[in-house]
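Report on one structure; see the data block that follows.
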There are 2 protein chains.
Amino acid sequence: MSKDERVDVEAESGPVRTITDLARLAGVSAGTVSRALAGNSLVNVKTRERIQHLARSHGFQLNQVASNLRRQRTGVIGVAIPLGHDRRQQISDVFFMTLLGYLADELTERGYDLMLRRVLPDRDVDWLDRFIGSGMIDGVIVIGQSDQFERIEDVADGYRPMVVWGNHSEGQRHCVVGSDNRLGGKLAAERLIAGGAKRLAFFGATEPIEFAARFAGASDVARRMGVSIKAYPTHLSADRTAEEIAAHLDHHLGEFDAIFAATDSLAVACLKGLHERGVRVPEQVRLVGFDDLPIAAETMPPLTTIRQDIAGGARGLVDLLLRRLQGEDTESLVLPPQLIVRATA
Amino acid sequence: MSKDERVDVEAESGPVRTITDLARLAGVSAGTVSRALAGNSLVNVKTRERIQHLARSHGFQLNQVASNLRRQRTGVIGVAIPLGHDRRQQISDVFFMTLLGYLADELTERGYDLMLRRVLPDRDVDWLDRFIGSGMIDGVIVIGQSDQFERIEDVADGYRPMVVWGNHSEGQRHCVVGSDNRLGGKLAAERLIAGGAKRLAFFGATEPIEFAARFAGASDVARRMGVSIKAYPTHLSADRTAEEIAAHLDHHLGEFDAIFAATDSLAVACLKGLHERGVRVPEQVRLVGFDDLPIAAETMPPLTTIRQDIAGGARGLVDLLLRRLQGEDTESLVLPPQLIVRATA
DNA sequence: CTGAAAGCGCTAACAT
DNA sequence: ATGTTAGCGCTTTCAG
């Protein structure tokens with residue numbers, strides 16, 4: 001039905017915005033219209049089709065808000081991105097944004113809408129309760145624990161339909177999906193050491209729990225293999241890291257023969273810094289990243305890195321959440337990271 | 001108020017979920033509670049504070065859905081990302097995702113929530129009407145016109161609170177915010193030609209209207225300067241472009257001495273392809289990208305590119321939308337792109 | 001198979 | 001300054 005036809009039809013009857021308008025037009029009750037539009041089989045096939053056709057020809061749209069209120073469910077999943085350590089940054093973080101894209105795909109596929117909320121926990125202590133209590137969402141996915149691990153734990157017992165992307169810790173109460181960061185760190189260190197590295201450097205922030213686990217995994221291996229490892233801390237926000245990495249390279253270049261970067265973004269910056277200082281990769285300094293973002297395959301030389309299964313993670317998050325919405329009590333899902341060997345280590 | 005205190009208080013009175021519960025507890029009417037929580041000055045200061053304190057101590061949250069239905073506004077802005085030419089791709093497109101991040105920031109700042117909807121126009125012809133008509137959003141921002149220019153135009157007359165990120169065309173009816181892509185193309189071509197280029201290549205898709213404008217801008221300059229230009233088409237999805245670019249380079253390397261890549265992502269892939277074939281940049285082939293994504297500064301050599309003001313774009317989108325929500329009738333906003341000279345041209 | 005009626009939880013006249 | 005009342009638009013018993 002074209003727009004023009006619709007206008008013609010409306011001219012005869014005035015706008016039809018509510019189910020009651022439609023009912024009057026069809027000569028039935030609002031209840032019947034509601035049932036007809038819902039495809040309820042109780043209603044006579046002929047009237048059902050008549051009503052559905054009428055609805056379409058008038059461009060009628062069900063008011064979701066009213067429907068939501070009545071049914072006490074919204075078909076909307078909240079996605080919260082807490083920005084703890086470094087304000088502003090993470091929301092433009094390539095990894096999180098990619099995950100968000102896949103989440104949007106996955107939720108759409110399953111018939112849910114996505115409400116995105118960026119959150120500054122220091123300004124708004126009650127961010128999670130407020131999101132949950134708003135009545136606007138059926139469940140919530142939290143992307144990244146940031147420094148809010150405890151607050152999430154507090155909520156987890158009283159609110160089931162919540163799943164979190166992040167790191168899994170022994171005995172935690174909230175349902176989490178995420179890579180085995182410790183194993184990822186292990187794989188990275190093993191690769192570097194197998195290539196002959198004797199003094200490892202870890203570049204990246206170490207407070208975020210995921211990154212701490214990556215460092216810990218690498219440290220385990222280093223200790224076991226009798227190799228030294230030292231963390232060279234950076235912040236998370238892209239603009240600052242470049243300088244910080246440059247400073248580390250300027251002052252400590254002789255101290256290591258291999259770098260494990262906490263993320264591919266950091267690794268790319270390292271690669272550039274090394275190149276600018278005439279350091280050959282991997283001959284003089286080996287380098288492994290983390291994430292396997294698309295950019296990892298496009299650097300020169302292409303980046304050896306630890307792949308996180310982002311699409312799989314998104315699928316897992318949605319899967320578990322929907323099962324929790326059914327009342328099931330789900331375990332956490334730990335995804336195995338994978339070493340992707342390219343040319344930097 | 002800690003969680004434990006809250007539990008204590010609740011133990012005395014049962015759960016307090018609705019405004020009516022709270023009213024009973026406070027010994028006033030629901031109306032007064034509603035006013036008190038809204039900070040309405042009509043209500044007595046003492047009772048107002050008493051009610052607010054009571055609400056906090058019971059962890060009371062207003063049901064937004066009910067509120068929305070009654071007030072006929074939701075405080076939610078819809079953000080639609082139509083995926084026309086290349087399914088799946090754009091939602092993970094770095095540029096769009098970055099824009100989305102800034103939009104989330106900007107909307108949050110202004111007190112709005114963001115409902116994200118990824119949309120496949122070929123499967124769902126009515127995507128825009130359905131989003132608008134759902135009653136769940138007060139206004140809509142469309143990120144990218146994709147191949148939906150006409151549909152957006154159709155809707156624009158009947159629905160005011162809509163702003164679109166994309167390309168501005170003479171005489172169009174929908175309010176759009178976007179870079180002057182034609183000017184961007186012009187700047188790119190000028191830079192290349194000033195460096196001595198005689199035969200330009202344009203790498204990228206040419207159907208999307210933004211990209212077509214970039215190519216057109218470059219073509220204008222080429223024609224005026226007596227320089228040749230030819231488009232080497234690619235698709236949008238990241239996985240296919242790499243091969244396509246490789247194929248172009250293998251078959252047509254001698255045909256050009258400069259590349260204008262439609263996006264930085266493409267430019268990075270070009271850079272890699274050229275490097276692998278032993279072609280020096282910029283000595284043998286000059287290269288200019290588009291967007292100025294963070295990665296542009298991190299390539300080797302760093303990428304000369306045309307910057308789009310993403311943050312400014314997001315601010316503009318939200319600004320115009322909110323003014324439209326006030327009933328104002330806003331003009332489109334065309335942002336000037338800026339040549340960022342680094343080392344590839 | 002359909003209609004009538006109650007009500008989701010909140011807000012905003014309108015009253016006092 | 002507060003209470004009362006009538007809905008917002010829809011869904012779902014409960015009757016018939």
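Order of the sequence lines sets the chain letters (A, B, ...), proteins ahead of strands, with each chain counted from 1.
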For residues 64-71 of chain A, which side-chain N or O atoms pair as donor and acceptor with protein atoms under 3.5 Å away, sequence neighbours left out?
residue : atom : partner : partner atom : Å
A:N68   : ND2  : A:Q64   : O            : 3.2

Of all nucleotides in DNA chain D with an atom under 4.0 Å from a non-hydrogen atom of chain A, which is the first and which the last going 5' to 3'? D:dG9 to D:dT13

Give the residues of residues 44-52 of chain B touching DNA chain C, defined as any heavy atom closer than 4.0 Å, sorted by residue number. none

If you measure from the Lys or Arg side-chain nitrogens to the Asp or Glu carboxylate oxygens, is any gap between B:R110 and B:D105 under 4.0 Å? no

Residues forming a side chain to side chain contact (heavy atoms under 4.5 Å, CB included) with B:A311, sequence neighbours excluded: B:Y102, B:D309, B:R315

Just jot down the side chain to side chain contact (heavy atoms under 4.5 Å, CB included) partners of A:I132, sequence neighbours excluded, or say none. A:L128, A:V140, A:V155, A:Y159

If a pair satisfies side-chain hydrogen bond (donor to acceptor under 3.5 Å, both in side chains) and one of its residues is in residues 32-51 of chain B, list it, with sequence neighbours excluded. B:S29-B:T32

Computed from five pairs at either end and rounded to 10 degrees, the angle between the axes of the helix from C:dC1-D:dG16 to C:dT16-D:dA1 is 40°

Measure the shortest side-chain to side-chain distance between A:W165 and A:I141 over non-hydrogen atoms and say whether it is less than 4.5 angstrom. no

Taking the side chain as every heavy atom from C-beta outward, state whether A:I143 and A:L103 have any pair of such atoms under 4.5 Å apart. yes

Side chain to side chain donor-acceptor pair (under 3.5 Å) filter on B:T330, not counting sequence neighbours, yields B:R324

Restricting to ring pair (Phe, Tyr, Trp, His ring centres under 6.0 Å), what partner residues turn up for B:F149, sequence neighbours left out? B:H174

If a protein heavy atom is under 4.0 Å from the base, mark B; if only from the sugar-phosphate, S; if neither, -; do that for nucleotides 9-14 of chain C going 5' to 3'. BBBBB-

Residue pairs involving residues 123-146 of chain B (criterion ring-ring contact (aromatic ring centres under 6.0 Å, His included); sequence neighbours excluded): none

Set out, in order, the CA-CA distance, both residues' side-chain angles and the distance that settles side-chain contact (heavy atoms from CB on, under 4.5 Å) for B:D124 and B:R130, then state yes or no. CA-CA 9 Å; B:D124 180 9; B:R130 292 204 359 205; 3.6 Å; yes

Could you list the donor-acceptor pairs under 3.5 angstrom formed by side chains in residues 76-84 of chain B, with sequence neighbours left out?
none

